[in-house]
Amino acid sequence: MIQTISSAGRGEHNEDLIATFEGEGLTDLVILDGATSLADEDYVDLEAGDVVWFVRAFALALGTAIAADRSQADTVVRAVEQVRTEYDRRSGDSTVPPYALPIAALTWVRIWHEGGRNMLQLWCLGDCKTLLRLPDGRVVDPDPYVNPFEAELHQRVRELAGRDDDDPATRLLRLLPVLRERRASQNLSHVPGSLCLFPRGPFDARAYSVEVEPGTMLLMMTDGFYRLVDPYGLYDDAALADACDARGLEAMMAELRAYEKSGAATVSIKRADDASAIAWLAKQP
């Protein structure tokens, strides 16, 4: 059973994306979190924006590149090559500064179904979150990654939050130089830790394999949905997984948006971020 939800944080353009692919004996679950554009203009999609175009184009290319006998790393490289060709065609002669090139966080879980067994292969770039709720109720994090830049950024936001003239737009403007410097370094890295168009070396992905028992729930989410835990502190990992299992993703999204609308959320650049989640339950054989 697969349950998904995705919600734009503001406006109508959602830079998150969820894709699922079914093959013989396997299921591929993909969640993408496009990083908010820091550019002054869009270069390839003036309507939806370059970031939305990027995650959509990548998901489409990934779907055509997926094959059971091809590794996740090789599949991602093939998909990026296809998207890069189209980006170059669309951008034409435009000179795009490194901070303006779109990037995204990506978590891809490939689930092999063999003889009633479920083997999960995780391939992770960036800070999407993955949790496993085991049949005995324990919750484990198979990819305990912490983005070191987020703590610094949250501290800067806290320092700005007390100012009388503080609002999301002003906050972003003050932080723009540091954000652009960070984005350029991500796009120019020789070991890119985010999904990008022009990798100068192999992606610095985190890969794991784990076999799960029937009754295990897999919960994948973008950092916008994980705000319920960090930074809002409304849940811890175990309580979040329990609540998603008991109440469903739609109810949890409604709680997230209600909290953000209340004005209590003040430790992020954006009052509300795009938020997405996937819940998958390992069935009995």
Closest contact, heavy atoms only, [X] versus [Y]:
{"X": "Arg10", "Y": "Thr36", "value": "NH2-CG2, 4.3 Å"}
{"X": "Ala275", "Y": "Met253", "value": "O-CE, 3.2 Å"}
{"X": "Pro199", "Y": "Arg84", "value": "CD-NH1, 3.9 Å"}
{"X": "Asn118", "Y": "Ala282", "value": "ND2-CB, 3.8 Å"}
{"X": "Ala68", "Y": "Trp112", "value": "O-CH2, 3.6 Å"}
{"X": "Val51", "Y": "Ala35", "value": "CG2-O, 3.3 Å"}

**OP:** Give the C-alpha distance, both sets of side-chain angles, the deciding distance and a yes or no for side chain to side chain contact (heavy atoms under 4.5 Å, CB included) between Leu17 and Arg56.
**Re:** CA-CA 7 Å; Leu17 188 142; Arg56 289 176 178 173; 3.8 Å; yes
Take Phe225 and Ile31, measure what side chain to side chain contact (heavy atoms under 4.5 Å, CB included) needs, and give me the verdict at the end.
CA-CA 12 Å; Phe225 190 88; Ile31 194 163; over 6 Å; no
Just so I know, are the side chains of [X] and [Y] near enough to count as touching, which here means a heavy-atom distance under 4.5 Å?
{"X": "Phe54", "Y": "Val44", "answer": "no"}
{"X": "Asn187", "Y": "Ile103", "answer": "yes"}
{"X": "Gln82", "Y": "Thr64", "answer": "yes"}
{"X": "Val83", "Y": "Leu197", "answer": "yes"}
{"X": "Tyr99", "Y": "Leu179", "answer": "no"}
{"X": "Thr75", "Y": "Arg110", "answer": "no"}
{"X": "Leu188", "Y": "Arg200", "answer": "yes"}
{"X": "Val229", "Y": "Asp237", "answer": "yes"}

Nearest 0.5 Å, please: how far is [atom2] in [Y] from [atom1] in [X]?
{"X": "Met220", "Y": "Leu132", "atom1": "CE", "atom2": "CG", "value": "10.5 Å"}
{"X": "Glu255", "Y": "Glu260", "atom1": "CD", "atom2": "CD", "value": "11.0 Å"}
{"X": "Gln121", "Y": "Leu26", "atom1": "CD", "atom2": "CG", "value": "9.5 Å"}
{"X": "Leu131", "Y": "Met217", "atom1": "CG", "atom2": "CE", "value": "8.0 Å"}
{"X": "Leu234", "Y": "Leu240", "atom1": "CG", "atom2": "CG", "value": "10.0 Å"}
{"X": "Ser6", "Y": "Ile278", "atom1": "OG", "atom2": "CD1", "value": "9.5 Å"}

Note to self: Would you say Asp273 and Tyr226 are linked by a side-chain donor-acceptor pair, where the criterion is simply a distance under 3.5 Å?
What the structure shows: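 Side chains of Tyr226 and Asp273: no pair found under 3.5 Å.
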Going by atom types only, do Asp16 and Ser276 share a side-chain donor-acceptor pair under 3.5 Å?
yes
| said: Parallel, tilted or perpendicular, judged at 30° and 60°: which one describes the rings of Trp280 and His113? | reply: tilted
Mind checking whether Phe198 and Tyr87 have parallel, tilted or perpendicular rings, split at 30° and 60°?
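Rings of Phe198 and Tyr87: perpendicular, over 60°.
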- Item | Glu47 atom CD, neighbour heavy-atom count above 12 within 6.0 Å |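 It does not: Glu47 CD has 12 such atoms or fewer within range.
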Crowded around Glu211 CD? As in, over 12 foreign heavy atoms under 6.0 Å?
-> yes
- Message: Walk me through whether Arg78 and Glu81 qualify under salt bridge (Lys or Arg N to Asp or Glu O under 4.0 Å).
- Response: CA-CA 5 Å; Arg78 283 177 179 245; Glu81 289 173 350; over 6 Å; no
Within one Ile-Leu-Val-Met-Phe-Trp-Tyr cluster: [X] and [Y], side-chain cutoff 4.5 Å:
{"X": "Leu125", "Y": "Phe21", "result": "yes"}
{"X": "Met221", "Y": "Leu256", "result": "yes"}
{"X": "Val139", "Y": "Tyr208", "result": "no"}
{"X": "Ile18", "Y": "Leu281", "result": "no"}
{"X": "Val76", "Y": "Trp53", "result": "yes"}

Under 3.5 Å: donor-acceptor pair, side chain of [X], backbone of [Y]:
{"X": "Ser71", "Y": "Asp74", "value": "yes"}
{"X": "Asp42", "Y": "Asp50", "value": "yes"}
{"X": "Ser94", "Y": "Val96", "value": "no"}
{"X": "Thr216", "Y": "Glu213", "value": "yes"}
{"X": "Arg90", "Y": "Asp45", "value": "no"}
{"X": "Arg227", "Y": "Tyr232", "value": "no"}

As a quick check of understanding, evaluate side chain to side chain contact (heavy atoms under 4.5 Å, CB included) for Lys283 and Met1, giving each step before the final call. CA-CA 8 Å; Lys283 294 186 291 187; Met1 182 183 72; 5.5 Å; no
Applying the salt bridge (charged side-chain N to carboxylate O under 4.0 Å, His left out) test to Asp141, which of Arg206, Arg133, Lys129 qualifies?
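The option that passes is Lys129.
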Practice problem: Applying salt bridge (Lys or Arg N to Asp or Glu O under 4.0 Å), run through Arg180 and Asp40 and close with a yes or a no. | Solution: CA-CA 11 Å; Arg180 283 182 168 178; Asp40 295 320; 2.9 Å; yes
Open item on the list: Could you walk me through whether Thr130 and Leu218 satisfy the side chain to side chain contact (heavy atoms under 4.5 Å, CB included) test, starting with their C-alpha distance in whole Å, then the side-chain angles of each, then the deciding distance to 0.1 Å, before giving a yes or no?
Closed with: CA-CA 7 Å; Thr130 304; Leu218 166 70; 3.5 Å; yes
